**Student:** 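The structure that follows is given in the form of structure tokens.
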Number of protein chains: 2
Amino acid sequence: MGTLSQPTPLNQPRTGKGQQTKAKLLRTALDAFAEDGYQAASMRAIASRAGVSLSHAYYYFGSKEDIVLELLIALRAEQFEICSAQLDEGNTLEANIRIVFDASVQVMEKYHDFGPSFLKVLLSRDLENSELTQIEMSLWESVVAGARPLPPLAIRRDLPRFLWLLSRQIFSTWAYDSSPNQRRSRALMRNIAPVIGKFAILCRLPVVRSLFEDVLSLMDSRAGSIQERTTSTVESASEHRSSRAKAS
Amino acid sequence: MGTLSQPTPLNQPRTGKGQQTKAKLLRTALDAFAEDGYQAASMRAIASRAGVSLSHAYYYFGSKEDIVLELLIALRAEQFEICSAQLDEGNTLEANIRIVFDASVQVMEKYHDFGPSFLKVLLSRDLENSELTQIEMSLWESVVAGARPLPPLAIRRDLPRFLWLLSRQIFSTWAYDSSPNQRRSRALMRNIAPVIGKFAILCRLPVVRSLFEDVLSLMDSRAGSIQERTTSTVESASEHRSSRAKAS
DNA sequence: TCCAATTATTGAACGCGTTCAAAAAGCTCA
DNA sequence: TGAGCTTTTTGAACGCGTTCAATAATTGGA
């Protein structure tokens, strides 16, 4: 482990044959994951099923986690296919949030035993500009852009990222949810949508909107997100309290 | 892995010699953790350092995770020692929150490479009534009870649990924080205190207080927490919207 | 064509957490 | 004392993810 590592810049297949092997390995791995689950689909099992040696699998994939990430991407893409059309039908924000979560559960439930592994991948890697993050973000952007009525202008720009960060918290609940059939996290997803809807509406009030901005910049781990913001309410609430009091 | 397991109901030492062995094993393990870090302090290393066979370590501790949990408990107890006195000096809520987080960092920073392991223990086990949870909860109760001015009565009862749940989210950020010297999560802890302080004051407004209750019952995974509550704002926001509209 | 550099592939090993059957030691009571 | 029980302790093994030096296959230029 040592340092938390991104996918080691690894041997990309340079010949046609190599690409074929890598593709077959990936296909086989995803099949094995689906059929046998995380435990049983060991690197040895995957390699032998693909007809290559164990060590050769590591020639194309630096770790088992790398393959798990590929699975996660595939599942998110599937989720995108399922629900992106539904998000453009003029439903409420609340309804759109539900659509995304429902599709997530539908796609993921078979893979619940990958939860801990998924979560580790999400937490330990910098995926800020990865394919995975792009799919997820475009989903939440559609949720907001397709909602009728549109959320208050003041938060419209930041709401997608807020929803994305929130969805990751929910994912971490789901990942380790040991209640039967993930009852608990399903309930969480069901109940959170109306609260967000309510919250979004309340953001018309300056007090609540300022809270929204505070919470968002706290959740957001992008370095420098505070400086970029035109008015940082977090800073003003802490260091600049006096100047703020004067201003108001 | 299979099922997410509590600490296997394990052989408790029945003789004096047994207790001695188990105690020595634990002491050795915590030393090895402190000196060598998570990776290098393998079960083999711990066992041999304690002068027992590898398999014998498993007679008293069902897994390495069990020992990691003991470490986590020891660290939380240390944190409690450091800051419990400071929480009774009539500081603001914001200041008290800072005190707890500062002590947490002070105690934990040496063990940052245990972060992923700590987090897994916290997420995969039901620790609802464990020693660990009791220590943590009593800290947050002191934060609230010792704050001057006291937070609004309406949220005073629930605020400790809210802070506890929040602190777990922050912990998960810390656990995988790869920024130099955990810069990012330190900033998070620094910035979150004033926001909570502000939020607590705003909870005097009914609109904000209702948001607080919504958020709390969403975060809280205790089964049946919704029914127990006198007024469930989550439910009223979703299923009972019509009856709510009538009431208001 | 043949050689050298590159790419693809392998077998064997390492250390890890964990399991288990069996041996050793300790205890209780005739 | 010693037989039968429980508690403690061990050695050997399993399968896992991962690494690495090695061999085989392929490619490109003289």
Side-chain angles (χ1 to χ4, degrees), chain A residues 1-5 7-26 28-29 32-33 36-69 113-114 116-117 120-121 124, chain B residues 1-5 7-26 28-29 32-33 36-69 113-114 116-117 120-121 124:
Chain A
M1 204 165 285
T3 61
L4 301 174
S5 54
T8 318
L10 209 56
N11 295 313
Q12 284 309 106
R14 265 158 263 258
T15 79
K17 192 181 175 192
Q19 304 199 8
Q20 220 172 314
T21 308
K22 177 169 182 177
K24 170 157 194 176
L25 212 32
L26 182 54
T28 310
F33 281 164
D36 306 332
Y38 181 78
Q39 287 247 29
S42 65
M43 290 298 279
R44 282 170 175 81
I46 293 169
S48 98
R49 203 167 145 162
V52 303
S53 72
L54 170 60
S55 52
H56 194 41
Y58 282 92
Y59 185 69
Y60 292 119
F61 298 95
S63 66
K64 190 178 183 182
E65 254 187 29
D66 285 3
I67 315 184
V68 168
L69 176 57
D113 73 309
F114 283 74
S117 184
K120 192 173 181 191
V121 170
S124 66
Chain B
M1 205 165 283
T3 60
L4 301 173
S5 54
T8 319
L10 211 55
N11 295 313
Q12 283 311 105
R14 265 158 264 258
T15 80
K17 191 181 176 193
Q19 305 199 6
Q20 221 172 312
T21 308
K22 176 169 183 176
K24 170 158 196 176
L25 212 33
L26 182 55
T28 309
F33 281 163
D36 306 331
Y38 180 78
Q39 285 248 29
S42 66
M43 290 298 280
R44 279 169 177 83
I46 293 168
S48 99
R49 202 167 147 162
V52 303
S53 72
L54 169 62
S55 52
H56 193 42
Y58 281 92
Y59 184 69
Y60 292 118
F61 297 96
S63 68
K64 190 178 183 182
E65 254 187 29
D66 286 3
I67 314 185
V68 168
L69 176 57
D113 72 308
F114 283 74
S117 184
K120 192 173 180 191
V121 171
S124 67

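Every value quoted in this text rests on a predicted model; they were computed, and no experiment measured them. Below, chain A is the first sequence line, B the second, and so on; all start at residue 1. FYI, side chains are in, hydrogens and waters are out, and symmetry mates aren't considered; it's all heavy atoms of this structure.
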**Student:** Are OP1 or OP2 of D:dT9 and a side-chain N or O of B:T21 less than 4.0 angstrom apart?
**Tutor:**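 Yes, because at least one side-chain N or O of B:T21 sits under 4.0 Å from OP1 or OP2 of D:dT9.
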**Student:** Give me the ring orientation class for B:H56 and B:Y59: parallel if the planes are under 30° apart, tilted from 30 to 60°, perpendicular past 60°.
**Tutor:**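 B:H56 vs B:Y59 ring planes: parallel.
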**Student:** How long is the line joining NZ of A:K64 and P of D:dG17, in whole Å?
**Tutor:**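 For the pair A:K64 NZ and D:dG17 P, the rounded distance is 4 Å.
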**Student:** Only counting residues at least two apart or in another chain, list the ones meeting side-chain contact (heavy atoms from CB on, under 4.5 Å) with B:A32.
**Tutor:**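 Listed in chain order: B:D36, B:A41, B:I46, B:R49.
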**Student:** How close or far is atom P of C:dT6 from atom OH of A:Y59, stated in whole angstroms?
**Tutor:**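 Distance, rounded to whole Å: 12 Å.
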**Student:** From CG of B:D36 over to P of C:dC16, roughly how many Å is that when rounded to an integer?
**Tutor:**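 For the pair B:D36 CG and C:dC16 P, the rounded distance is 11 Å.
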**Student:** Out of curiosity, A:S55 OG to A:R44 CZ, how far, rounded to the nearest 0.5 Å?
**Tutor:**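 So the gap between those two atoms works out to 10.0 Å.
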**Student:** Using whole Å, report how far CD of B:Q39 lies from P of D:dG17.
**Tutor:**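 These atoms are roughly 16 Å apart.
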**Student:** Rounding to a whole Å, what distance do you find between B:Q19:CD and D:dT9:C1'?
**Tutor:**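 Atom-to-atom, B:Q19 to D:dT9, this comes out as 17 Å.
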**Student:** Whole Å only: how far is the OH atom of B:Y38 from the C1' atom of C:dG15?
**Tutor:**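 From B:Y38 OH to C:dG15 C1': 14 Å.
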**Student:** Could you pull out the closest heavy-atom pair between A:A47 and A:S53, with the gap in Å?
**Tutor:**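 Nearest pair, atom of A:A47 first, then A:S53: CB-O, 3.7 Å.
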**Student:** Does any non-hydrogen side-chain atom of B:Y60 lie less than 4.5 Å from one of B:L26?
**Tutor:**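 No; the side chains remain at least 4.5 Å from each other.
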**Student:** Taking protein heavy atoms under 4.0 Å as touching, what does nucleotides 19-25 of chain C look like 5' to 3' if B marks base contact, S marks sugar-phosphate-only contact and - marks none?
**Tutor:** BB-----
**Student:** Quickly work out the B:K120 NZ to C:dG17 C1' distance and round it to whole Å.
**Tutor:**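 Interatomic distance, NZ of B:K120 to C1' of C:dG17: 11 Å.
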**Student:** Between residues 40-50 of chain B and DNA chain C, which residues have a heavy-atom gap below 4.0 Å?
**Tutor:**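 Hits under 4.0 Å, by residue number: B:S42, B:M43, B:R44.
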**Student:** For a 4.5 angstrom cut-off between non-hydrogen side-chain atoms, does A:K64 reach A:S117?
**Tutor:**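 Result no, sub-4.5 Å side-chain heavy-atom pair not found.
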**Student:** With respect to the side chain of A:S53, which nucleotide from C:dT7, D:dT9, C:dT10 is positioned closest?
**Tutor:**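 From the listed options, C:dT10 comes nearest.
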**Student:** Write down the distance between OH (A:Y60) and P (C:dT10), rounded to a whole number of angstrom.
**Tutor:**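 Result: 10 Å.
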**Student:** Do you know the tightest heavy-atom contact between A:I67 and A:F33?
**Tutor:**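 In terms of heavy atoms, the two residues are closest at CG2-CE1, 3.8 Å.
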**Student:** Is there a side-chain contact between A:K24 and A:T28 (heavy atoms, below 4.5 Å)?
**Tutor:**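 Touching, per the 4.5 Å side-chain cut-off.
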**Student:** With no hydrogens and no angle check, is any side-chain donor or acceptor of A:D66 less than 3.5 Å from a backbone partner on A:F61?
**Tutor:**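 Answer holds: no.
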